Novice: 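One structure, pasted below without further comment.
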Number of protein chains: 2
Amino acid sequence: MANKKVIRILAENKLKITPQRTAILEVILNLNNHPSAEDITQYLRLNYPHIPIGTVYKNLDLFVKKGIITPVRTSNESMRYDPVKEKHHHLYAPDSDILEDFFDDDLIKLLNDYFNRKKIPDFKIDDIKLQIIGRHDTK
Amino acid sequence: MANKKVIRILAENKLKITPQRTAILEVILNLNNHPSAEDITQYLRLNYPHIPIGTVYKNLDLFVKKGIITPVRTSNESMRYDPVKEKHHHLYAPDSDILEDFFDDDLIKLLNDYFNRKKIPDFKIDDIKLQIIGRHDTK
DNA sequence: ATTGCTGCAAACTCTTTGCAAGTTC
DNA sequence: GAACTTGCAAAGAGTTTGCAGCAAT
């Protein structure tokens, strides 16, 4: 059931391979939806009716610590999880709560160049997070 | 006690002028710290020992609805509140949980120009939120 | 055999809500 | 006096934690 990619990722990170864990990671990788813990649990329950949300949270925390996924906050309450490793930004539509990756190398380069030139006094930059807020066309 | 600016803002927004409300708004305007509801309550209790945090939240919600303040989320759990009206971005230091305004008209222009040129298919941009993540120099 | 994981429930943090009594306009 | 606000407590959402029993290495 568990695909090889998932097994490999878990092994590389020295995480024990359990059915729950592989299922959770598969959902995040395949859904590609920036799901919340609640979303993941709902989805898993289609095949696995009794998985507790506590187990989902514990695994998400581990995945975040290992760098397998990244937590993303929106203006909404719940934390969303992003499995993508390459540097990117996000589109967020508050009305629909849809959160999407926004890949744009030109933009990344633009910001890198900008902040390489313009230093901020007494502040060391680790990352730049850009959220493009808006809405999807309705027709 | 309540200063004229606060009174004016409340009147302009047709909010009734109560001691609690003016005190809350004064704290946000004067602290300039992007305080959380908890921060505001702690601070108010120096002079006003029994103010309930529920009252703080109710007023914050109203201020947000009226556009007097803007809620800002960081990677941390609690919501922070920003009274600044001019367009700006933020510096955030996760280690210290310090959130600061970052005013930079060149950056705003750079992003505006960029997104005026480069449209995103099926997406109407309402706002661009940029958080510069990093840490303050320790020496 | 050791170490780590699951399942369950309780607890915790942040925020919202309901409502009676009081205040503002 | 009509409409709104406060204070208080209870409840709600999202998340974390503790621990006994079980599974993976």
Side-chain angles (χ1 to χ4, degrees), chain A residues 1-2 6-27 34-42 44-45 47-66 68-69 71-81 97 99, chain B residues 1-2 6-27 34-42 44-45 47-66 68-69 71-81 97 99:
Chain A
M1 188 65 76
V6 166
I7 300 285
R8 179 177 50 73
I9 294 173
L10 295 180
E12 281 171 3
N13 285 281
K14 300 191 170 60
L15 293 172
K16 288 189 176 169
I17 292 158
T18 70
Q20 295 86 340
R21 177 164 293 162
T22 51
I24 293 166
L25 188 49
E26 273 191 328
V27 169
H34 302 82
S36 65
E38 186 64 34
D39 294 335
I40 294 166
T41 308
Q42 291 304 321
L44 284 173
R45 284 195 177 144
N47 299 312
Y48 197 147
H50 301 302
I51 190 155
I53 199 164
T55 296
V56 174
Y57 275 111
K58 281 174 189 166
N59 278 288
L60 290 172
D61 285 354
L62 273 177
F63 297 163
V64 170
K65 283 192 183 109
K66 296 288 188 178
I68 300 169
I69 62 177
V72 182
R73 266 205 188 288
T74 66
S75 52
N76 227 340
E77 303 85 49
S78 49
M79 191 67 89
R80 309 282 282 266
Y81 297 90
D97 200 32
L99 175 65
Chain B
M1 188 65 74
V6 165
I7 300 286
R8 179 176 50 73
I9 293 173
L10 295 179
E12 279 172 5
N13 285 281
K14 302 192 171 59
L15 293 172
K16 289 187 176 170
I17 291 158
T18 69
Q20 296 86 341
R21 179 164 293 163
T22 51
I24 294 166
L25 187 50
E26 273 191 328
V27 169
H34 301 82
S36 65
E38 186 65 34
D39 294 335
I40 294 166
T41 308
Q42 290 306 322
L44 283 174
R45 285 194 177 146
N47 298 313
Y48 196 146
H50 302 302
I51 190 153
I53 198 164
T55 296
V56 173
Y57 274 111
K58 280 174 191 167
N59 278 288
L60 289 172
D61 285 354
L62 272 177
F63 297 161
V64 170
K65 283 194 184 107
K66 295 289 188 178
I68 301 170
I69 61 177
V72 182
R73 266 203 187 289
T74 66
S75 51
N76 227 341
E77 302 85 50
S78 49
M79 190 68 88
R80 310 281 282 268
Y81 297 90
D97 201 32
L99 176 65

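Just the heavy atoms: all of them, side chains too, but no hydrogens, waters or symmetry mates, feed the values below. As the structure is a prediction and not an experimental result, all values here were calculated from the model. Numbers restart at 1 for each chain; the letters A, B, ... are given by sequence-line order, proteins then strands.
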Novice: Rounded to whole angstroms, how far apart are CD1 on Ile24(B) and P on dT15(C)?
Specialist: 14 Å

Novice: When we call it a touch if two heavy atoms are under 4.0 Å apart, what does Pro71(A) touch: a base, just sugar-phosphate, or nothing?
Specialist: nothing

Novice: Check the interface with nucleotides 1-4 of chain C: list each N/O to N/O pair with the protein under 3.5 Å, or write none.
Specialist:
residue, atom, partner, partner atom, Å
dT3(C), O2, Lys16(A), NZ, 2.6
dG4(C), O4', Lys16(A), NZ, 2.9

Novice: At what distance, to the nearest 0.5 angstrom, does OG of Ser75(A) lie from CE of Met79(B)?
Specialist: 7.0 Å

Novice: Among dT24(C), dT15(C), dC8(C), find the nucleotide with the atom closest to the side chain of Pro52(A).
Specialist: dC8(C)

Novice: Examine dA13(D): is either OP1 or OP2 under 4.0 Å from a nitrogen or oxygen in the side chain of Ser78(A)? Give yes or no.
Specialist: no

Novice: As an exercise, state the distance from CD1 of Ile17(B) to CG of Leu10(B), rounded to the nearest 0.5 Å.
Specialist: 5.5 Å

Novice: When the axes are fitted on five pairs at both termini, how much does the helix from dA1(C)-dT25(D) to dC25(C)-dG1(D) curve, in 10° steps?
Specialist: 40°

Novice: Which residue pairs satisfy the side-chain hydrogen bond (donor to acceptor under 3.5 Å, both in side chains) criterion with at least one member in residues 49-66 of chain A, sequence neighbours excluded?
Specialist: Arg21(A)-Asn59(A)

Novice: Between dT16(C) atom P and Asn59(B) atom CG, what is the distance in whole Å?
Specialist: 13 Å

Novice: Look up atom CD1 in Ile40(A) and atom CD1 in Ile24(A), then write down how far apart they are to the nearest 0.5 Å.
Specialist: 7.5 Å

Novice: Write down the distance between CG (Asn76(A)) and P (dG14(D)), rounded to a whole number of angstrom.
Specialist: 8 Å

Novice: Does anything in residues 9-19 of chain A pair up under salt bridge (charged side-chain N to carboxylate O under 4.0 Å, His left out), and if so which pairs, sequence neighbours excluded?
Specialist: Arg8(A)-Glu12(A)

Novice: Figure out the CD1/C1' separation between Ile7(A) and dA24(D), and round it to whole Å.
Specialist: 12 Å

Novice: By the definition side chain to side chain contact (heavy atoms under 4.5 Å, CB included), identify the one residue from Ile9(A), Asn13(A), Leu15(A) that meets it with Phe63(A).
Specialist: Leu15(A)

Novice: Between Arg80(B) (side chain) and Val72(B) (backbone), is there a donor-acceptor pair under 3.5 Å?
Specialist: no

Novice: Output the rounded distance in Å from NZ (Lys14(A)) to P (dT25(D)).
Specialist: 14 Å

Novice: Among residues at least two apart in sequence or on other chains, which ones pass side-chain hydrogen bond (donor to acceptor under 3.5 Å, both in side chains) with Glu77(A)?
Specialist: none

Novice: Let me spell it out: for each of Met79(B) and His50(A), pick the nucleotide of DNA chain C with the closest heavy atom. Which residue's pick is nearer the 5' end?
Specialist: His50(A)

Novice: Could you say whether Glu38(B) or Ile17(B) is positioned toward the 5' end of DNA chain C, judged by the nucleotide with the nearest heavy atom to each?
Specialist: Glu38(B)

Novice: Identify the heavy atoms of Ile53(B) and Glu38(B) that sit nearest to each other, and give their distance.
Specialist: CD1-OE1, 3.4 Å

Novice: Please give, in whole Å, the distance from dG22(C) P to Gln20(B) CD?
Specialist: 14 Å

Novice: Please step through side-chain contact (heavy atoms from CB on, under 4.5 Å) for the pair Thr74(A) and Arg73(B), ending with a clear verdict.
Specialist: CA-CA 7 Å; Thr74(A) 66; Arg73(B) 266 203 187 289; 6.0 Å; no

Novice: Please report, rounded to the nearest Å, how far the P atom of dA13(D) is from the CG atom of Asp39(A).
Specialist: 15 Å

Novice: Tell me the closest heavy-atom pair linking Arg45(B) and Ile51(B), and the distance in Å.
Specialist: NH2-O, 2.6 Å

Novice: Output one line per pair: protein atom, nucleotide atom from nucleotides 16-18 of chain D, and distance, for all N/O pairs under 3.5 Å.
Specialist:
residue, atom, partner, partner atom, Å
dG18(D), O6, Lys58(A), NZ, 2.6

Novice: How long is the span from the OG atom in Ser78(A) to the CG atom in Asp97(A), to the nearest 0.5 Å?
Specialist: 6.5 Å

Novice: What is the distance from CG of Leu60(A) to C1' of dC5(C), rounded to the nearest Å?
Specialist: 15 Å

